[in-house]
Every structure is written in structure tokens, then in C-alpha cells.
*Asks:* 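Just dropping this structure here.
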Amino acid sequence: MRRQLRRLGLGHDARRSVSTTDENFYRWTQWIFLKVFNSWYDEEQKRARPIDELEQGYANGSIATPDGRPWNELNKTDRRSAIDARRLAYLSEAPVNWCPGLGTILANEEVTADGRSDIGNYPVFKKSMRQWTMRITTYADRLLDDLERLDWPEPIKLMQRNWIGRSEGARVHFATPAGDLTVFTTRPDTLFGATFMVISPEHPLVDALTTDENRQAIQDYRVAAAAKNQFDRTDDTKEKTGVFTGTYATNPVNGAPVPVWVADYVLMGYGTGAIMAVPCGDQRDFDFARRFNLPIPAIQQPPVEWFTSRELEVQHGSRVDTSTWPEAFVGDGVYINSSNDDLQLDGLTSVAEGKSAMNAWLEAHGRGNTNINFKLRDWLFSRQRYWGEPFPIVYDEDDQPVSLPDSMLPVLLPELEDFKPQALDPNDDVTDPIPPLARSTEWREVVLDLGDGPKKYRREINVMPQWAGSCWYELRYLDPTNTDHFVDPAVEKYWMGPADGGDGTTGHTGGVDLYVGGVEHAVLHLLYARFWHKILFDLGHVSSSEPFYRLFNQGYVQAFAFRDPRGQPVPASDVEERDGSYWYEGEKVSREYGKMGKSLKNIVTPDEMYDEYGADTFRLYEMSSGPLEASRPWNTRDVIGMQRFLQRVWRNLVDEDSGRSLVIDAPASEELRKLMHRMIDGIRADMDALRFNTAIAKLIQLNNALTQESAAVGGSPREVVVPMIQMLSPLCPHIAEELWQRLGHANTVTFVPFPVADQSLLVEETIEYPVQINGKVRTRLTVPNEADQATIQALALADEKVIAALDGEVPKKIIVIPGRMVNLVV
RNA sequence: GCCCCGGUAGCCCAACGGCAGAGGCAGCGGUCUCAAACUCCGUACGGUGUGGGUUCAAAUCCCACCCGGGGCACCA
């Protein structure tokens, strides 16, 4: 890889090369983890603060303890859990994809549609396990809001917004025999239509809400739901399933009993894991109600068109009959059946008014409050693998996590003979995973002095996920060999500090000036890295509040691929085209199109291109074929065009036979000089905007003009050649440098400033105006640059072609756009 | 199902609401040559996915639809 980067002349700085698996790197990953672990999020100040300040706040009473008791009344264990409950890295029980047959937890992407492992086809179970988790949800608002301040492609921002998934609504409390059951809803105004409730099979109140006669059915349903994977559970093409708990809750607005059901279409991970079902206004609830014969009262009057477009008789007031409806009514309509003694929604037409009236009522009666909910979940941060950063955490005699001091970093991985995960009986969903690090007892069991004398501890045997190192590596590039800091603060400020110096005048976030990467990182790496960076910013370790100020997503290189009649890909390089068909070893093959890669056998390696055409041609071809952000096809036979271009450049400067210079000191023609300045002006703008394709087109245009003039006057004017080579240098550095030396320069072209256009030469003395009649071009006028509108108009009307075309008619309207064109409307 | 991006010449792609063409590939004609390749010069081809709308003027703005690519997906 390094060899390939180097031979293509890519500006890769080996002195700033880092490896996230190097202990000198991951020592700082562990250090940052400790900063996260030893901090908490202050909701009032909206920032992370050191954990000591939480303890001080508890102690002096400025921060309420979780159960409200004074700090000095809490014992050691209570104090500890009061603090641990607020840490930004914390241990939690979370359901994961557990595959005993492989001995590891799998990502959702590694589980097949029928709930088995992608590799080995072993059963996968949903299992709740104690896992390290990062409290990224506390940053949801800031991660969302600060997107506005970043120079990122809008689609990527949108993907992050959708992923964070902010929605405004309300929490509503329904009384049940087992205590309040709280739901999250975005439509509190529809509460009068709530006729049943659905809770997730994992909801903590399931047992308490289940009556004895329904216990077996509920239990069976929960087991079945647990065996399903996420794919099955969220497959909305399947018919809804569910079981009644036997218990009724009370609708707070009208006192109606509402049955509580358990169904797996409600997810524990979103909202409160419980919903109020309003079947008349929500298609899922409507389907569920129809399936289980639950009532569907109407609470909004659908408009006339809603009925007519469904070929129903229009229903009004008491005649509204949902039993005739083919589907739920989702939209704005006048509220009906939505009033109680002190809340009247009936007659309102605005959902916004309905919501605010309902929210006020709920607050006043203590049955709910407005609430903002996010789709974003806290980040599961442990993995049961060998390769990964060990946590700088040990467990004490109470099995509680204790952070190691900086002086004990790095915590190195132990040497193991076998570092594969421990496989178990494929159907053993009871035994916990045994991470590879558990195998080294001497590594795992340690005696340490953490300030209160030598004691026995047990190391954390999970490791961090692969994202950990990439959450901050961009900072290490700034200062890769620093042994005292992960990055020197002054160095960070120099490279990544906000443009306004941090005084907030421009709102600039600071961060990497330009980050080029694929769109596949839109929500994982780019969200995790922003999260860590913001913690480091809050704690004062960096001056930038975002890691990547400007982001650019380059497109993929795609290529044709070919399959034989059996559907197997065949090597694209050996396919021949004959008579419009494609042939491989005498067999006709079919052509398709996809991302260049091994599986489609359509790879063209940089080395092949380097050997055949050279690095500069290869670079130009890649950049010229289309916009950087666009995925586009690779077509080897098009590469020749860029090679010819470079050969033409060469021949304009060097005589091929004798090798002598063809550059002359005589001035260029006025025309060529003007063209050159126009090209300089355009190329500068193109380069700034990363439009390399149009920059290259302009360079070709300039060189083509130079070719003509060179042939005419017997040499290439130096005043054109020099800027042209300067502009070629960033695109094709090797040939540019060679020609630069041949022009007699002792220095390197790389450090010569980019040419600047002479603005006075960008203005033409005469302008050619197209003259349109009713939008169609009929003739062209050449008009002096300084001609005013009236002059141009007079010239246009006096033109003989115009007179002929008008044929005596008088134009109704004459539009003259100075510098552009003339349009006559008749 | 919802959302995003794109659709211009045989192909890859340009075009501040203002003459559809910057550039490259392929093609054709010429130039060179004994011939060819290379070179150089010249050149045809489309009216911008479809249908409406706004405008003096639409590839460009708006609406609907079609096709291709991508994201999210029972999110309450």
C-alpha cells in the first residue's frame, strides 16, 4: 500500500503515519477512555464535566442525589452507585446477538435473516449481558444542532439527523393495577382515541401486568419473541402478533378501561417500550385492532375527499363508522369525540392546537408532560474478541469497576497461543461468553496498589470495538510522537482550532480542514468521532468543538463485470467484445455494472495502470472522468486520452528528435494570453471546489490553443508555458517537475505559488450578442464592450436579419441583458 | 413504505434561469506514409428520462410520474 501511494506521487507523510494497534497509540485510546469514564454530563450546563465535580455537587447539595437523600446519609456503596449512574462510560445490561457456537457476540449485520450466524450457520440468541456502554444519547442535541455549523454534504447531514431521530411529543401515564404505565407519543392530541395499549415483550412490567390465566400464553410469546432476531421482528410485511395480558389500564382523559397487550412490534429500545394505540389514526394500530377485534372509535372527522377517493359514502358526526374504513385516517381533520369535563378538543381543526391543549391538560393533572425522544441509543462499547484495546479497568472485591491511573497505561494485550473466541455447544444459550482474554489467568488476576495498599483485582476481559481508535486518530496525526500528551494543546490549536480563535464570533467549530472519505461512514465512525471529540472539548483538552470541519464524500470507482451462463463472474480483463456481445473463452457472457472489487472479478490495480501508462496519466484519468463526488465507471480504453494530452504538452515544450527546448521568449498572441488568464481564473476556482475534472478540461483547452500557436509561430511562448506547468503540477507532478527543470528552474515547482489571473485581461473588448425572437436565436451581433442597453437595442433592431424576421411587426417587448443577449417578443 | 442523489451525443461528462457543448473516448474525412501506426487539421450525431406549470427565456425553478443508485425502515 505504501509503495503504491508513493509511486503514484500521493502526498502521504510517513512521519505522521500512525497505527491504532500500536501500543504507543492505543495507550492514548485507553487514556481517553478513562477521561470518558471519569466524567459526567451536566444537563444544565450542557457539557461533560470531571466526575469529581459531580461528587462535590452531591456533597454540597447543589446536585440532588438519585433518590434525594443527603450525601452524608449515603453509605459507601450508595455513594458509589450514585456516581457510577452518571458516568459517560458505564456498565449496563443490554440485549445482544449471542452466538454460542462461535463463542462471540455478533453485530446485527453478521446475523442472517433466519437468526443464524453468517459464518458457520449456528443459532444466534438474544441475550442480556453486562456490557460497557457510552452515553452518546446525552450529546444527541449537540450532535444534531452542530451539524448546522459544519461544511458537510447535505445528504450526510440528513443521514445523521435521521439516525439521531429527534421527535417531539409527550409522555403520558396510564394508571394500572401494577402502577403507572408510561408511553411516549408524538400525538398526545389523539389520546381520546386510545383504546388499547401495547408493551414490548421485554418491558419490565410484563410480569406484574400479566394475570394468572394469561401467564402461560404471555410466557410462550416472550420466548418466541426472544428467539426472533431484529430482522424478523421488524419485518412489517408479516401479520401482527400479540397476546393480551389480562389487565386493563385507565385512559387518563376519559377513564375508559384500555386492555394492555404484549406485541413484538413495539420495541423496548425506543421511547418507553410501551405505546398507546390509536387505531383510527395509525395504520399499525388499525391493523392490530382489526386482527384482534378491538374497538376503533373515530376522533377526527376525515375530509370529504378522503371518503370519495375510497369510494365510501361521506360520513359525518355520529354517522362516522370506522368499521367501513379500509384503512386508518392519517391526516388533519376536525376533532370529534375528544372532550371531557375540562378539556374540549371537539371542533378544533389544528393538530398544533390540539397538542398544546392536551399537553397543558396532562401537565395540570400530573398525567404527563411534553417530551423529546431520540432514536439514537447509547453505544454498546465492548466486544468479546482478542484484537482490540483492553479496557484500563479492573474489578475490585465487590465486582465494581475501578479505573487504572495513567501511570499504569498502556494495558497491553497478553500473549496468547490461541486468540480465537471460545466456542460452546451451539445451543447453549445459558453460559456466558468467555472472551479470549479470560484464558490468561496470570493476566486477568492481578495485585495492584491503587492508593490503598496492594490488593487483588480482576481485569476487564472484554476489549473495545474497532471504532475506538478511529474516534480520535485525526488528532494524533498532529503530534504523532508526543509521549506526554495525546496531542499537545498548542499544536492542536494551531492545526484545528476554530477560525475565530475560539472567541465565538463566527461560530466556527474548528476541526480538520478537509476530510475526504466514503459515504459508508456517515453514521458510525463520523458520529462516534464527533461524540468523543465533544467530550475532549468539554473537558478542555482540545480547542475545536468538532473533529471534521469540512467533509467531502468521493464517489466509488465502478466497472463492468461479466458472468458466464451459470452466473459465475469471469475475469473482466479477459473478456472480448465482438459484434456487440461479450465473450470469454468462446462462451457468450452477460455484462453488468458494479463497484470495482474482487467478488465481481473486475479489479484494475494501480500497478497495472502505472506500468502501462505511468502515474501521471493514471492520476489525470481518475480525476478527469467526472466529478469527485460521483461514482463512475472505469474504462481502461479511455485512459489513452490523458496520455495523449501529456504527450502533447511534452511536444509543445521539447523537440522529440533532438530534445531541445521549443520554448520561446517572444510574447504570446493577445488571444492566447487572454485565454490563458481566463483559464487561470477558472482553474483556481475549480481547484478550490475540488472540481478537478473541469480544471483538467481547461488545461487541455489551454494546451490545445498553445499547440496551434506553437505550430504557427514556431515555438511555445514562455509566458504561457510557465503558468501552465505550474497549474499541471498538483495534478500530474512528475512530468510537471521534469518540464519545470527543463525550463531552466533550479527550484522545485511544488513550492511555487499557483498562478493568479490578471483581471483586466478577463474582460473582452467586444461581446457577441445572440439576438432571439420569441426565444429563438435568429442572428448574432458583435457589440463593443462598453455599449449601453439602448445602443444594443438599436443595433439589434437595425440588423437586416432581424428586420426580415420581424417582417414589419413591432416587438411588444424587448429584453436586453447587458453582456448576455437580446430577446424580442412579438 | 418514507427520505436522499442522479438521468444531457454511441460512452464518460461540461454548461451564473440567457447561443445546449468545455474536455476525453469511440466514429468519420483529410494530413503525413510505399503502407500502417503515431501526429496534426477538420467533422457528423443529441435538443437534455416523460408529462404538465412558472418565465420574455427552462437542462437549470415548481408539480406529477418513469428509470437507476443509495440510506432508513413496525421509531409510536
Side-chain angles (χ1 to χ4, degrees), chain A residues 153-159 161-163 165-167 169 183-187 190 197-198 233-238 240 263-267 269-278 282-285 287-288 373-377 519-520 522-523 553 555-556 558 580 593-595 620-621 624-627 629-645 647-648 651 656 679 682 691 693-704 707-708 711 768-780 811-817 819-826:
Chain A
E154 205 50 43
I156 296 285
K157 289 188 180 183
L158 199 62
M159 281 165 73
R161 282 189 201 111
N162 290 341
W163 189 265
R166 183 181 198 270
S167 60
V183 302
F184 172 75
T185 175
T186 55
R187 292 293 303 272
T190 62
M197 302 178 77
V198 186
R233 278 198 54 176
T234 59
D235 181 1
D236 53 7
T237 60
K238 289 204 181 114
K240 302 254 179 296
D264 62 8
Y265 78 90
V266 174
L267 309 172
Y270 183 75
T272 63
I275 61 160
M276 64 179 211
V278 182
D282 181 289
Q283 193 57 41
R284 288 157 306 165
D285 298 344
D287 294 343
F288 195 86
N373 203 48
F374 294 94
K375 279 202 312 203
L376 185 68
R377 325 274 168 88
V519 69
E520 68 273 15
V523 285
N553 294 124
Y556 296 119
Q558 314 219 69
Y593 184 58
K595 190 167 156 182
L620 281 182
Y621 171 67
S624 70
S625 66
E629 69 272 21
S631 288
R632 48 190 194 273
W634 179 274
N635 234 333
T636 301
R637 67 178 191 182
D638 289 353
V639 175
I640 189 74
M642 290 304 120
Q643 191 172 44
R644 287 181 191 149
F645 164 54
Q647 288 167 347
R648 283 200 300 272
R651 281 196 302 267
E656 282 197 288
M679 293 300 113
R691 290 189 304 255
N693 54 327
T694 49
I696 290 168
K698 289 183 179 77
L699 280 162
I700 294 172
Q701 200 182 342
L702 177 61
N703 186 59
N704 287 349
T707 305
Q708 304 241 351
E768 195 185 58
Y769 278 78
V771 181
Q772 299 179 344
I773 296 178
N774 287 339
K776 282 196 168 177
V777 179
R778 292 306 168 96
T779 188
R780 290 157 213 283
K812 278 192 293 189
K813 198 167 178 184
I814 300 172
I815 292 127
V816 178
I817 311 292
R820 293 247 174 252
M821 43 72 67
V822 178
N823 192 13
L824 308 175
V825 187
V826 290

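Fair warning: this is a prediction, and the values are worked out from it, not measured in the lab.
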*Asks:* Going by heavy atoms in the side chains, are A/R187 and A/V278 under 4.5 Å from each other?
*Replies:*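 No, their side chains stay 4.5 Å or more apart.
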
*Asks:* Consider the side chain of A/I275, meaning its heavy atoms from C-beta on, and name the nucleotide among B/C75, B/A76, B/C12 that approaches it most closely.
*Replies:*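 Closest of the options to the side chain of A/I275: B/A76.
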
*Asks:* Just checking A/L158: base, sugar-phosphate only, or nothing, at a heavy-atom cut-off of under 4.0 Å?
*Replies:*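 Result for A/L158 = sugar-phosphate.
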
*Asks:* Tell me, do A/Y621 and A/T636 make a side-chain contact under 4.5 Å, heavy atoms counted?
*Replies:*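 A/Y621 does not reach A/T636 side chain to side chain.
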
*Asks:* May I ask which nucleotide in the shown strands pairs with B/A15, Watson-Crick or G-U wobble, both distances under 3.5 Å?
*Replies:*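 Looking at the geometry, B/A15 pairs with no nucleotide.
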
*Asks:* Hey, does the side-chain of A/K812 have a donor or acceptor N/O within less than 3.5 Å of a partner on the base of B/C56?
*Replies:*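 No.
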
*Asks:* Can you figure out which of B/C56, B/G24, B/C75 approaches the side chain of A/V825 most closely?
*Replies:*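 Comparing B/C56, B/G24, B/C75 against the side chain of A/V825, the answer is B/C56.
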
*Asks:* Between A/S167 and B/A76, does any side-chain N or O lie under 4.0 Å from OP1 or OP2?
*Replies:*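 It does, given that an N or O in the side chain of A/S167 lies less than 4.0 Å from OP1 or OP2 of B/A76.
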
*Asks:* For B/C61, which nucleotide is its Watson-Crick or G-U wobble mate, given both distances must be under 3.5 Å?
*Replies:*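 Because both required distances fall under 3.5 Å, B/C61 counts as paired with B/G53.
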
*Asks:* In Watson-Crick or G-U wobble terms, both distances under 3.5 Å, what is the partner of B/G1?
*Replies:*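 WC or wobble partner is B/C72.
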
*Asks:* Reckon A/N373 has a side-chain N or O less than 4.0 Å from the OP1 or OP2 of B/A76?
*Replies:*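 For A/N373, the contact criterion (side-chain N or O under 4.0 Å from OP1 or OP2 of B/A76) is not met.
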
*Asks:* Could you check whether A/M159 gets within reach of a base, just the sugar-phosphate, or nothing at all, counting any heavy atom under 4.0 Å?
*Replies:*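 Answer is sugar-phosphate: A/M159 comes under 4.0 Å of backbone atoms only.
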
*Asks:* Looking only at the side chain of A/N693 (C-beta and beyond, no hydrogens), which of the listed nucleotides B/A14, B/C74, B/G23 gets closest?
*Replies:*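 Of all the options, the side chain of A/N693 is nearest to B/A14.
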
*Asks:* Watson-Crick or G-U wobble partner for B/G27, using a 3.5 Å limit on both distances?
*Replies:*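 With both distances under 3.5 Å, B/G27 matches B/U43.
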
*Asks:* Just the rounded figure in Å: distance from C1' of B/C12 to CZ of A/F645.
*Replies:*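 Atom-to-atom, A/F645 to B/C12, this comes out as 17 Å.
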
*Asks:* Between the protein and nucleotides 37-41 of chain B, list every N/O to N/O distance that falls short of 3.5 Å.
*Replies:*
| from | atom 1 | to | atom 2 | distance (Å) |
| --- | --- | --- | --- | --- |
| B/U39 | O3' | A/R651 | NH2 | 3.0 |
| B/C40 | OP1 | A/R651 | NH2 | 3.4 |
| B/C41 | OP1 | A/Q708 | NE2 | 3.2 |

*Asks:* Describe the nucleic acid contact of A/T186 in one word from base, sugar-phosphate, nothing, applying a heavy-atom distance below 4.0 Å.
*Replies:*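 The residue A/T186 makes sugar-phosphate contact but no base contact.
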
*Asks:* Across all strands, who's sitting opposite B/C38 as a Watson-Crick or G-U wobble pair, both distances under 3.5 Å?
*Replies:*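 Because no pair has both required distances under 3.5 Å, B/C38 counts as unpaired.
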
*Asks:* How would you label the contact of A/I817 with the nucleic acid (heavy atoms, under 4.0 Å): base, sugar-phosphate, or nothing?
*Replies:*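 Result for A/I817 = base.
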
*Asks:* When you compare B/U33 with B/C38, how far apart are their C1' atoms, in angstrom units rounded to a whole number?
*Replies:*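 Approximately 11 Å lies between the C1' atom of B/U33 and that of B/C38.
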
*Asks:* Among the nucleotides B/C13, B/G18, B/G23, which one has an atom lying closest to any side-chain atom of A/A697?
*Replies:*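 The nucleotide sitting nearest to the side chain is B/G23.
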
*Asks:* Do the side chain of A/N373 and the main chain of A/S167 share a donor and acceptor less than 3.5 angstrom apart?
*Replies:*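 Such a contact is absent between A/N373 side chain and A/S167 backbone.
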
*Asks:* Which part of the nucleic acid, if any, lies within contact of A/R632, taking any heavy atom under 4.0 Å across all strands shown: a base, the sugar-phosphate backbone alone, or nothing?
*Replies:*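 The answer is sugar-phosphate, as A/R632 gets under 4.0 Å only of primed atoms, P, OP1 or OP2.
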
*Asks:* Output yes when a side-chain donor or acceptor of A/R632 lies under 3.5 Å from a complementary backbone atom of A/P627, and no otherwise.
*Replies:*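 Pair found, side chain donor or acceptor close to backbone of A/P627.
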
*Asks:* Would you say A/R161 reaches B/C4's phosphate, i.e. side-chain N/O to OP1/OP2 under 4.0 Å?
*Replies:*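 So the side-chain polar atoms of A/R161 never come under 4.0 Å of the phosphate oxygens OP1 or OP2 of B/C4.
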
*Asks:* Using only atom types and a distance under 3.5 Å, with no angle test, would you say the side chain of A/R648 pairs donor to acceptor with the backbone of A/N703?
*Replies:*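 No; zero donor-acceptor contacts below 3.5 Å.
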
*Asks:* Without swapping roles, check the side chain of A/D282 against the backbone of A/R284 for a donor-acceptor pair under 3.5 Å.
*Replies:*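 Yes; at least one donor-acceptor contact below 3.5 Å.
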
*Asks:* Looking only at side-chain N and O atoms, does A/K698 come under 4.0 Å of OP1 or OP2 in B/A22?
*Replies:*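 Result: no.
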
*Asks:* Give me the ring orientation class for A/Y265 and A/F288: parallel if the planes are under 30° apart, tilted from 30 to 60°, perpendicular past 60°.
*Replies:*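 Rings of A/Y265 and A/F288: tilted, 30 to 60°.
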
*Asks:* Quick one: A/W163 CH2 to B/G70 C1', roughly how many Å, whole number?
*Replies:*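 Computing the A/W163:CH2 to B/G70:C1' distance gives 15 Å.
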
